[in-house]
Amino acid sequence: MGNMDHNFLFDPSILADLDYSSWKSSFRPGVSPHTPGQGFKVRPLCASDYDKGFLQVLAQLTKVGTVTREQFMARFNAMKDDKSYYVCVIEDLNKREVIGAATLVIEQKFIHSAGMRARVEDVVVDDTYRGKQLGKILTVVLIMLSKHLGCYKISLECTDQKLPFYQQVGFKQDGTNYMVQRWET
Ligand code: 16G
């Protein structure tokens, strides 16, 4: 018990209750988001993941920079209070390390009957754990979570190289363009 962290970003029962039966044939036999493989667990981000390599995994996606424990906790608490951030991780339970992460952000709208839009952000799997369908598992978790939360659509930005990966789980290009201005690289 002593080393168990219960400071979850969001209620883990939300993930536990999702139904993935319609995805059964998309995964290898026996594999699903509830059973992501021997020694792996999908769960909400925890405060203690600062010490479990969460930021080091994110650094395989893009620049993370310096994030002190205090900065991490302030952002974690702000996201938790906001209730719009669903950061999910995969832990290697034997190593007690975060080896993958993906975030669903919920945006509130006036359009679509005061509806909600879901955005997929910061999907990354440690490169030593590739080929185990872990990225696909995380993405399917976010898709089913967005449906469960009642969003009218889910979207993401990705490189050309990642298009086949997201197409295999149902994302389509719809002719809209992603545009950006940057003040920092
Ligand atoms: C990718 C990510 C996005 C992330 C960005 C970071 C997915 C689906 N897309 O576009 O969420 O924030 O890379 O790149 O994971 P940046 O550091 O150049 O903004």
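Just so it is clear, the structure is predicted and the values come from calculations on it, not from any experiment. Heads up: numbering here begins at 1 and tracks the sequence. In each ligand, atom 1 is the first atom listed, and ligand 1 is the first ligand listed.
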Legend entry - Charged N-O contact under 4.0 Å between Asp49 and Arg43: yes
Inset, instruction - Could you tell me whether Arg182 and Glu184 make a salt bridge, using a distance below 4.0 angstrom between a side-chain N and a carboxylate O? - result: no
Legend entry - For atom 13 (O) of ligand 1, the protein heavy atom that lies nearest, with its residue and separation: Leu61 CD1, 4.3 Å
Inset, instruction - For the pair Thr35 (side chain) and Gly30 (backbone), establish whether a donor and an acceptor sit closer than 3.5 Å, ignoring hydrogens and angles. - result: yes
Inset, instruction - Could you find the nearest protein heavy atom to atom 11 (O) of ligand 1 and give me its residue, atom name and distance? - result: Glu121 OE1, 2.5 Å
Inset, instruction - Compare all side-chain heavy atoms of Val42 with those of Leu134 and state whether any distance is below 4.5 angstrom. - result: no
Inset, instruction - Using the six-membered ring of Phe27, assess whether NZ or CZ of Lys136 lies under 6.0 Å from its centre and within 45 degrees of the ring axis. - result: yes
Inset, instruction - Do me a favour and list the nearest non-hydrogen protein atom to atom 17 (O) of ligand 1 with residue, atom name and distance? - result: Thr62 OG1, 2.5 Å
Legend entry - Numbered atoms and elements of ligand 1 in range of Asp122, under 4.0 angstrom, heavy atoms: 3 (C), 4 (C), 7 (C), 11 (O), 12 (O), 15 (O)
Inset, instruction - Return the residue, atom name and 0.1 Å-rounded distance of the protein heavy atom closest to atom 15 (O) of ligand 1. - result: Val123 N, 2.9 Å
Legend entry - side-chain hydrogen bond (donor to acceptor under 3.5 Å, both in side chains) contacts in which one or both residues fall within residues 139-155, not counting sequence neighbours: Arg117-Ser155
Inset, instruction - Please write down residue, atom name and distance for the protein heavy atom closest to atom 19 (O) of ligand 1. - result: Arg182 NH2, 3.6 Å
Legend entry - Per-atom contacts, ligand 1 versus Glu157 - under 4.0 Å to a heavy atom: 7 (C), 8 (C), 9 (N), 10 (O)
